[in-house]
Every structure is written in C-alpha cells, then in structure tokens.
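Numbers for residues simply follow the sequence, beginning at 1.
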Amino acid sequence: MSVEQVARDFVMNMNNEQRAMASTTPDAMVDGGLLPKPMPAMEAFKIVHGLNEAMPDFTIDVQQVDVNGNMATVKARWSGTQTGPLDLGMPGMPTIPPTGKKVSVNDTYLVTVQGDKVSHMTVESPMNGGIPGALSQLGIQMPNMPNM
C-alpha cells in the first residue's frame, strides 16, 4: 500500500478506534494539537473516543494528501453534532455538557508511515481549526486556550 493510501485510510478511520489502532505500529506516538507532550497513540485515541461519544454523527473527510518520502500531510475537515457530554480525557479539562450544536473544523495531520502502518502523527491544527476551533463553535472557552 502507498504512503498516501495508508495515511488517507488512517485519518479517515480515526473515528473508528479499532480500525485506527489496527493501522498503527505497536509503538506509534502522537503529538501536537492539545496534547501537552508526545504520547502513545492508544492514549491519544481517548480524545477521538470522547468526540465519538459526544457526537454520534462525528465524521472525518480527507480533503488533500501530500506525500514526501514516508511522510504524508493530510488535510481534513471533521464535523459532528454534540448531543452527548464531551469528555476529552485530558487532565484539567472538564466534561462539557451537551450543547446540541454542530461543529465543523479543518485539521492537519503529519503522518509518518512505516511499511503499511502509521508510526507517528503530529496534529497541526490551523487557526480556528481542530479541537480549539470546535470548542469555540460550541461556545466553550477553555483556560489557557487562545480566543478563536
């Protein structure tokens, strides 16, 4: 499988924890975005699990994939309607009660591919994008988070 296809499939399937984990190396790491430090992919998927629980209609749409060697830059748009409590599983971040609001944000993922698996991902959310952008659309301002 090509680097592009592995990266595309991984990002498209991040909202399916089993598929995403099956697409990673055992020692895969994730960093960037709201993560305070690099962490094992299994731990980072708690955030996606929280999004899935709070937004049963959570979807990820890959917009563009650019490849350079074994790295791919994947630009995607994700969206969902927060009908359940949102718990991102991060220390110091409270559970957000359901708002009934729909969010739609852009996000960028730098994906390193090893064979046919993802070994590393860095989240590089654009301005007004990613989880900070989604929280802003929900009307939530988190401490230590810039205004969007």
Side-chain angles (χ1 to χ4, degrees), residues 3-66 71-114 117-148:
V3 169
E4 176 181 353
Q5 195 62 55
V6 170
R8 178 183 298 275
D9 289 351
F10 174 73
V11 171
M12 281 178 39
N13 289 311
M14 281 194 309
N15 61 342
N16 181 320
E17 197 171 345
Q18 286 183 318
R19 282 188 186 167
M21 291 311 302
S23 302
T24 60
T25 61
D27 60 347
M29 297 292 286
V30 177
D31 65 11
L34 288 180
L35 299 177
K37 62 182 181 183
M39 64 177 50
M42 289 187 76
E43 286 181 42
F45 281 121
K46 291 178 186 174
I47 294 170
V48 177
H49 178 76
L51 291 170
N52 273 324
E53 290 292 310
M55 302 176 194
D57 62 344
F58 179 67
T59 59
I60 302 169
D61 180 34
V62 172
Q63 308 282 306
Q64 179 181 341
V65 181
D66 295 312
M71 291 189 66
T73 301
V74 182
K75 294 184 179 185
R77 183 159 192 86
W78 56 265
S79 60
T81 308
Q82 190 211 0
T83 58
L86 177 58
D87 179 4
L88 296 174
M90 297 183 66
M93 191 172 284
T95 299
I96 300 161
T99 63
K101 294 181 180 178
K102 183 165 179 64
V103 299
S104 183
V105 295
N106 292 320
D107 228 337
T108 301
Y109 309 97
L110 306 179
V111 179
T112 303
V113 175
Q114 182 179 340
K117 304 260 186 193
V118 172
S119 61
H120 191 268
M121 182 178 77
T122 299
V123 179
E124 288 192 350
S125 301
M127 186 65 146
N128 298 323
I131 290 174
L135 292 174
S136 179
Q137 290 178 21
L138 293 174
I140 307 298
Q141 178 62 42
M142 299 305 296
N144 302 321
M145 213 171 76
N147 287 322
M148 294 285 137

Between CZ on residue Phe10 and CD1 on residue Ile60, distance to nearest 0.5 Å: 9.0 Å
State which residues pass side-chain hydrogen bond (donor to acceptor under 3.5 Å, both in side chains) with Thr83; sequence neighbours excluded, sorted by chain then number. none
Indicate yes or no: at least one non-hydrogen side-chain atom of Met55 is less than 4.5 angstrom from one of Thr81. no
Over all atoms of both residues, closest heavy-atom pair of Gly84 and Pro98: C-CG, 3.6 Å
Output all residues satisfying side chain to side chain contact (heavy atoms under 4.5 Å, CB included) with Glu53, sequence neighbours left out; order by chain, then residue number. His49
Can you measure from OG1 (Thr108) to NZ (Lys75) and round to the nearest 0.5 angstrom? 5.5 Å
Can you tell me how far the CG atom of Leu34 sits from the OG atom of Ser125, to the nearest 0.5 Å? 7.0 Å
If you look at every heavy atom in Val65 and Ala72, which pair is closest and at what distance? CG1-CB, 4.1 Å
More than 12 heavy atoms from other groups under 6.0 Å of CE on Met21: yes
Can you tell if the side chain of Val123 reaches within under 4.5 Å of the side chain of Asp107, non-hydrogen atoms only? yes
Can you tell if the side chain of Ser23 reaches within under 4.5 Å of the side chain of Val6, non-hydrogen atoms only? no
Looking at side-chain heavy atoms only, is the closest gap between Ile131 and Leu88 below 4.5 Å? yes
I need the Ile47 CD1 to Asp87 CG distance, nearest 0.5 Å. 10.5 Å
Does the side chain of Leu86 reach to within under 4.5 Å of the side chain of Ile140, using non-hydrogen atoms? no
Output yes when a side-chain donor or acceptor of Asn106 lies under 3.5 Å from a complementary backbone atom of Gly129, and no otherwise. no
What one should report as the nearest heavy-atom pair of Pro85 and Ala54 is O-CB, 3.3 Å
Not counting sequence neighbours, list each pair that qualifies as a side-chain hydrogen bond (donor to acceptor under 3.5 Å, both in side chains) and has a residue in residues 92-104. Arg77-Ser104, Gln82-Thr99
Any chance you could measure Thr24, atom OG1, to Gln114, atom CD, to the nearest 0.5 Å? 11.0 Å
Between Leu51 and Trp78, is any pair of side-chain heavy atoms under 4.5 Å apart? yes
Kindly indicate whether the side chain of Val48, heavy atoms from C-beta on, has any atom under 4.5 Å from the side chain of Phe58. yes
If you look only at pairs with a residue in residues 4-25, which of them pass as a salt bridge (Lys or Arg N to Asp or Glu O under 4.0 Å), with sequence neighbours excluded? Glu4-Arg8
What are the two closest non-hydrogen atoms of Met14 and Ala20, and how far apart are they? CA-CB, 4.0 Å
Under the side-chain hydrogen bond (donor to acceptor under 3.5 Å, both in side chains) test, which residues partner Thr73, sequence neighbours left out? none
Tell me the closest heavy-atom pair linking Val118 and Ala28, and the distance in Å. O-CB, 3.6 Å
Provide the full list of side-chain hydrogen bond (donor to acceptor under 3.5 Å, both in side chains) pairs with a residue in residues 32-46, sequence neighbours left out, each pair given once. none
Starting at NE2 of His120, measure out to CG of Asp27 and round the result to the nearest 0.5 Å. 10.5 Å
Closest non-hydrogen contact found for Ala44 with Val30 is CB-CB, 3.8 Å
Gln64, CD atom: more than 12 neighbouring heavy atoms under 6.0 Å: yes
